[in-house]
Asks: 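Submitted below is the structure of interest, expressed as structure tokens.
Just so we're on the same page: letters track the sequence lines, and every chain starts at 1.
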Amino acid sequence: MDYDPQELEADWRARWDAEGRYEPDPTTTADPDDEETTFITVPYPYPSGGMHIGHARTYTVPDVYARYRRQQGDDVLFPMAWHVTGTPIIGAVERLEKREEKQMSVLQDTYNVSDDVLSDLETPMGYARHFIEEHYKTGMQSLGLSIDWRREFTTNDDRYSKFITWQYETLKERGRLEKGLHPVKYCTEQENPVTTHDLLEGEDVEYQEYTLVKFSQGETTIPMATLRPETVRGVTNAYINPDSPYVEATVDGEQWLVSVEAAEKLDLQDHDVEIHREFQGSEFVGEHVTNPVTGDEVLVLPAEFVDSDNATGVVMSVPAHSPDDYLALQEAKADPDRLEAYGIDPAEVEAIEPVPILDVEGYGEIPAKDAVESAGITSSNDPDLKEVTQDVYNAEFHTGRLHDAYGEYADELIEDVRDELANAYREQGDFGAMYDFPEPVVSRAGGKVVVAYQDTWFLTYNDEDWKAEAKRVVDQLDTNPANTRGEYDHTIDWLNEWPCIRNYGLGTKLPWDDSFVIEPLSDSTIYMAYYTIAHRLDEIPVEDLDREFFDALFYGEDAVEGEADKRALDLRDEWQYWYPVTQRFSANDLISNHLTFYLFHHAELFDEAQWPDGITIMGMGLLEGEKMSSSKGHVVLPGKAIENYGADTVRFFLLNSAEPWQDYDWRAEQVEGVEKQLRRFWNRAQELIDADEPDVDPQTDLKHIDRWLLSKLQTTIESTTQALENAETRSASQAAFYGFEEHLKWYRRRADLDRPGAQWTLRHVLETRLRLLAPFIPFMTNELHEQLTGTPAEDAPWPEVESEWQSARTETEERQIERLTDDIQDILNVTDQDPETIRVYVAADWKQSVFETVRETGTNVGDVMSEVMQVPDLRERGNAVNQLVQDLVELVRSLDDETLAVLDEIDETSTYETAVGFLEREYDATVEIYAEDGEGIDDPEDRASKAVPFRPAIHIE
RNA sequence: GCGAGGGUGGCUGAGCCAGGCCAAAAGCGGCGGGCUUAAGACCCGCUUCCGAAGGGAUCCCUGGGUUCGAAUCCCAGCCCUCGCACCA
């Protein structure tokens, strides 16, 4: 039978579907407490676009583990659902409705959406449904993922919303939700919060918290915005933009002077703002204001470089530590006419000198001056100024130490005390704060985007007791790979309160305020529990799924007052049967949020027995060495790949090219290589299947080389199993497939394959390998295993090591033969001769006895020598013994204890004699084996004396 | 900056955790050979340098160190990639 993956795979898919092969229900035979159930999850896909080959791997890795556990005899649940919460799908639909060029190209060129179905995509769920059905589900089924499709749902389903409602009501009741204000990106045009997706300009810009140093003039506060609050003692003057409009306003009961834009932002940031008067900045130029910390009066100078749309629009000048300020001051001094025009006495400006407030390594007393002068910068327009400024800021932040005037903060590193210092002044009322972007941000609606405070609900991940519980979850978690454990702890440590609602989007409404929607990372923290009951929940009317229902389901009948819902208690059994999640597979970048949320929520809502058992992290995918990008069309669709190579090839490549947590790279050339290898495997298997089953008694009819292969098979079973236990799909498939191919290559060369014993060995090996490979390439292995034995590979148990075939001795003997073969080949390569006779000389008995001594005495040359010289027979040989000891000490050092012990049992001469036939075939020459000190030795060129134990001398003629 | 990962032969990429069968897997590419009317497919061998005997030299980012022995362990340095929050 020829290998036709398309036909073969279609058959198996149909069979699986018809028999509901992967639809497990709780059984009475499996004991869930006895780890006979395995529950595997992977993040449900977000169908805002199609599936590509990167997604294919994400879902195939857990499938391999699922298939492995099934062969190990477990009840395995591997479900799938669809995440549609939030705005990306809505945004995609909006862009489709506007027929945006980029969006149309993604849909039509990348994902082949045809014109006649385009209109179906114009509702959010219609859009999602299209990609679910036409891409994800089809793709997953083609890949042969062993998913229980009965349990499928979307996060926009009514019943799912009921479940999330229960979750959030419960969390609120337990005090894990709090209402508060939070800075958000806000479009002043639409008067609505916006997400990164909604931005036209400044997508990457993060908002920053500016410290406002509250300078004053009489009753009026002039808040100077700065990102470096510690420089407050270095202020020599202030700057205002003379051409921009400013206002006098009452802010939270104080008289403030800020730019017009700043007044609007402060208003949005929950300050009580009342504007009294608007005026030009020039009006305030030449005034004096008082530093709240030092009490010094400083002069307000005019500066066009001040952006009134950044923070308060008034800034303080620290010429000693800011190259910008230093140059601005120099330029001001150089232009007395301009100063006079503003009514400023040039002499007063001339008298201003930089005031250093910290010492920093690598710079002089006045770092800004130093930096500017050594870089040769003389103008504030110099393009290099930006870099120089950044260098000074960095150096000062990381290595700058404050002067004595800072009292308790003196001599401390800026990076250690900046926040502390700012907070202290803020508490005294000398400092304030506001949020703003350092660069302009514009929404797609064309409106300016600013930072606004919005009423929001937080998950209080900053609660210390909750953090402590989450850490307990980590403590009992099996983190894979092991070195990710610290990342969870680290995330728990720095995780702050998390705003868990949005103003709009798909998903579940906040139960007590339906103007908000629970956001995607917050409605997906315990949904794994929902899988266990999803298919049976469909039979229950939505309105019955209230608080009490889920309380009974998850907490038992005692958790509800009165009679618990019988249906809920029924479902409880299934929940408890599968829970907890045995292994969750997820992306490595989700540790810092989603996965850690998952731990937090389980810690809070469920008992320890239901906490996650394990998490395996997955890496990223590249395509031909580059990042995949659906908008650039740089993707490979699974459907196309399967059509080209077959699902087994696609799976095998994805699983074998890297471990799950490593990044991998889809390269067409290499995928083709895999296809070739699998085809060859298939063809060789067919030859064995077609041949008659030999009548062999393995106890008597096998030769040394057969036993060698069977011994190697046991090692392969061992390493494949161990690797899969850790979800190391690469090591496992590498061992079972490529690793063993290497052994087979040698076996084919060494053995006479027509013997019944060899045929039996090959069939036995094939059967075992088919089972080992079944999780990776289920279609091909099922088919071949069924042809060979009548049962599909997936229904056969996972192979166990057959210890009767394990033999270190056989392997070591074969190793000696291999070495001898290589040595002969080496000599032939160098001498370039055509051999007629090859003579092999095994070392003499006295040499063997020296080897014995080294083995027993250890690898200290002195010790061995004194031991050996006790023997008169050896002492006579003097130098020869000395040389031999050196060699043997080196040999013994390179061997492990087991091999050393085995060598003791091996008879070299008879080992080589078994290989004479092979060597004669191999080199088309006569092969003779002699003992160096044996009778009738033929040694024409005196080579026998060169023999060393386990390193025979060779003569070729 | 914080956190994580990494630098290996023409390329991709194992090995490193548990130091020694490591001149360093496998694939790709290249070279040679077999099979074939031929092409493809398939199979075999070679692919750092030197060598007319299984050997030697140099080698795993750089520089030190530990050790009988280092791609592997330790220290210092250089370089690269990824994530860092309201985006799923």
Side-chain angles (χ1 to χ4, degrees), chain A residues 43 45-46 48 83-89 182-185 193 195-197 203 206 394 397-398 415 456 458 461 481-484 486-487 490-491 494-502 505 519-522 524 587-594 596 617 619-620 622 624-625 627 653 656-659 661-665 667 669-674 676-677 679-680 683 730-731 734 737-739 741-742 745 748-749 812 815 818-833 859-861 889-896 899 941 943 946 950-956:
Chain A
Y46 203 95
S48 58
H83 201 194
V84 298
T85 306
T87 55
I89 290 173
H182 193 78
V184 296
K185 293 178 183 174
T195 68
T196 310
H197 268 295
E203 281 176 306
E206 293 296 332
N394 278 342
F397 182 61
H398 297 299
E415 78 179 313
T456 191
F458 302 102
Y461 294 133
N483 62 11
T484 53
E487 292 187 57
H490 181 252
T491 304
W494 70 230
L495 206 56
N496 229 315
E497 46 191 20
W498 180 270
C500 62
I501 55 170
R502 296 287 178 272
E519 62 87 37
L521 287 175
S522 300
S524 54
N588 55 13
D589 53 326
L590 293 181
I591 293 179
S592 59
N593 48 47
H594 185 246
T596 302
I617 289 312
M620 288 241 316
L622 297 174
E624 305 293 346
K627 230 175 170 161
F653 178 83
N656 183 259
S657 60
E659 299 294 4
W661 44 87
Q662 296 174 323
D663 294 349
Y664 61 98
D665 188 2
R667 286 179 187 265
E669 197 179 60
Q670 291 181 23
V671 181
E672 278 165 34
V674 169
K676 215 163 84 177
Q677 299 280 353
R679 188 176 291 279
R680 191 191 321 182
N683 291 337
R730 182 194 150 80
S731 305
Q734 197 79 19
F737 195 81
Y738 292 106
E741 281 299 319
E742 289 298 301
K745 204 165 154 182
R748 283 192 204 96
R749 193 167 149 196
T812 307
R815 170 92 198 144
E818 208 177 332
R819 248 184 105 150
L820 176 61
T821 314
D822 286 349
D823 282 348
I824 294 170
Q825 183 66 53
D826 274 351
I827 297 167
L828 292 176
N829 283 351
V830 176
T831 58
D832 201 22
Q833 53 180 319
T859 53
N860 183 303
V861 177
V889 160
E890 207 166 303
L891 173 69
V892 168
R893 268 189 183 146
S894 70
L895 299 172
D896 57 67
T899 313
E941 280 183 64
R943 302 209 71 93
K946 291 197 166 185
F950 307 104
R951 205 73 209 279
I954 298 165
H955 175 248
I956 295 175

Asks: Taking any heavy-atom pair under 4.0 Å as a contact, classify A:His955: base, sugar-phosphate, or nothing.
Replies: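 A:His955: base contact, heavy atoms under 4.0 Å.
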Asks: Closest approach of A:Asp589 and A:Ser592, non-hydrogen atoms and distance?
Replies: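 Distance-wise, the nearest heavy atoms are O-OG, 3.4 Å.
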Asks: Figure out the OH/C1' separation between A:Tyr461 and B:A85, and round it to whole Å.
Replies: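 These atoms are roughly 12 Å apart.
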Asks: For A:Ile824 and B:G55, what is the distance between atoms CD1 and P respectively, to the nearest whole Å?
Replies: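 Rounded to the whole Å, the gap is 13 Å.
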Asks: I'd like to know if A:Asp589 reaches the base of B:G83 with its side chain such that a donor and an acceptor end up less than 3.5 angstrom apart.
Replies: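 For A:Asp589, whose side chain was compared with the base of B:G83, there is no donor-acceptor pair (under 3.5 Å).
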Asks: Any base atoms under 4.0 Å from A:Pro499, or only sugar-phosphate, or nothing? Heavy atoms, all strands.
Replies: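 A:Pro499: base contact, heavy atoms under 4.0 Å.
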Asks: Can you tell me the Watson-Crick or wobble partner of B:U72, both distances under 3.5 angstrom?
Replies: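 Pair assignment: B:U72 / none.
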Asks: Can you name the atoms? Protein N/O to nucleotides 2-8 of chain B N/O, anything below 3.5 Å, with the distance.
Replies:
| residue | atom | partner | partner atom | Å |
| --- | --- | --- | --- | --- |
| B:G5 | OP1 | A:Asn483 | ND2 | 3.0 |

Asks: Determine: side-chain N/O of A:Thr87 to OP1/OP2 of B:C87, distance under 4.0 Å, yes or no.
Replies: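 Answer no for this pair, as no side-chain N or O of A:Thr87 is under 4.0 Å from OP1 or OP2.
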Asks: Which listed nucleotide (B:A25, B:A88, B:G54) is nearest to the side chain of A:Pro952?
Replies: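 The answer is B:G54.
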Asks: Using the P atom as the point on both nucleotides, what is the distance between B:C22 and B:G15, in whole Å?
Replies: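 To the nearest whole Å, 15 Å.
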Asks: Taking donor-acceptor contacts at under 3.5 Å, does the side chain of A:Arg815 reach the base of B:C21?
Replies: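 Answer is yes: a donor-acceptor pair is held.
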Asks: For B:G45, which nucleotide is its Watson-Crick or G-U wobble mate, given both distances must be under 3.5 Å?
Replies: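 Base-paired to B:C31.
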Asks: Assign A:Ile591 to base, sugar-phosphate, or nothing according to its heavy-atom contacts below 4.0 angstrom with the strands shown.
Replies: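 Nothing, no nucleic acid heavy atom in range.
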Asks: Report the distance from atom CZ of A:Phe950 to atom P of B:C21, rounded to the nearest whole Å.
Replies: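 Answer to the nearest Å: 18 Å.
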Asks: Atom CD1 of A:Ile617 to atom P of B:C82: distance rounded to whole Å?
Replies: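 Going from CD1 in A:Ile617 over to P in B:C82 covers 19 Å.
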Asks: Applying a 3.5 Å limit to both distances, which nucleotide forms a Watson-Crick or G-U wobble pair with B:A23?
Replies: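 Partner of B:A23: none found under 3.5 Å.
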Asks: Atom CZ of A:Arg679 and atom C1' of B:A41: how far apart are they, to the nearest Å?
Replies: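 In whole Å, B:A41 C1' lies 10 Å from A:Arg679 CZ.
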Asks: Could you check which of B:A25, B:A88, B:A53 has an atom nearest any side-chain atom of A:Ile956?
Replies: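 Taking heavy atoms from C-beta onward, the closest nucleotide is B:A53.
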Asks: Strictly by Watson-Crick or wobble contacts shorter than 3.5 Å, is anything paired with B:U36, and which nucleotide is it?
Replies: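 Here B:U36 is not engaged in any pair, so there is no nucleotide opposite it.
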Asks: Counting only side-chain heavy atoms from C-beta out, which of B:G54, B:A26, B:A53 sits nearest to A:Glu742?
Replies: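 Closest of the options to the side chain of A:Glu742: B:A26.
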Asks: Using a 4.0 Å heavy-atom cut-off, does A:Leu495 contact any base of the nucleic acid, only the sugar-phosphate backbone, or nothing at all?
Replies: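 Touches a base.
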Asks: For the pair made of CZ in A:Arg748 and C1' in B:C42, what is the distance, rounded to whole Å?
Replies: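 After rounding, the reported distance stands at 12 Å.
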Asks: Between the side chains of A:Ser522 and A:Glu519, is a donor N or O closer than 3.5 angstrom to an acceptor N or O?
Replies: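 Side chains of A:Ser522 and A:Glu519: pair found under 3.5 Å.
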Asks: Among B:C28, B:G54, B:A88, which nucleotide sits nearest the side chain of A:Lys676?
Replies: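 When the side chain of A:Lys676 is considered, B:C28 is the closest of B:C28, B:G54, B:A88.
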Asks: Using the P atom in both, what is the distance from B:A70 to B:G77, to the nearest Å?
Replies: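 Going atom to atom, P in each nucleotide, I get 24 Å.
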Asks: For A:His594 and B:A88, give me the distance from atom NE2 to atom P, rounded to whole Å.
Replies: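 The distance from NE2 of A:His594 to P of B:A88 comes to 12 Å, rounded to the nearest Å.
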Asks: Using the C1' atom as the reference point in each nucleotide, state the distance between B:U48 and B:G30 in Å, no decimals.
Replies: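 Roughly 15 Å separates the two C1' atoms.
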Asks: Taking pairing as Watson-Crick or G-U wobble with both contacts under 3.5 Å, can you name the mate of B:C84, or confirm there isn't one?
Replies: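 Its partner is B:G1 (Watson-Crick or G-U wobble, both distances under 3.5 Å).
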Asks: For B:C2 and B:U47, measure between their C1' atoms and round to the nearest Å.
Replies: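 To the nearest whole Å, 46 Å.
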Asks: Counting only side-chain N and O atoms of A:Lys745, is one of them less than 4.0 Å from OP1 or OP2 of B:C43?
Replies: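 No, because none of the side-chain N or O atoms of A:Lys745 sits under 4.0 Å from OP1 or OP2 of B:C43.
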Asks: B:A53 P sits how many Å from A:Asp826 CG, rounded?
Replies: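 These atoms are roughly 12 Å apart.
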Asks: Work out how far the C1' atom of B:A57 is from that of B:G5, and round it to whole angstrom.
Replies: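 So the two C1' atoms sit 35 Å from each other.
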Asks: Is there a side-chain polar atom (N or O) of A:Arg680 under 4.0 Å from OP1 or OP2 of B:G27?
Replies: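 Looking at the OP1 and OP2 atoms of B:G27, neither is under 4.0 Å from any side-chain N or O of A:Arg680.
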Asks: Could I get a table of every N or O pair under 3.5 Å where one atom is in the protein and the other is in nucleotides 10-17 of chain B?
Replies:
| residue | atom | partner | partner atom | Å |
| --- | --- | --- | --- | --- |
| B:U12 | O2' | A:Gln670 | NE2 | 3.3 |

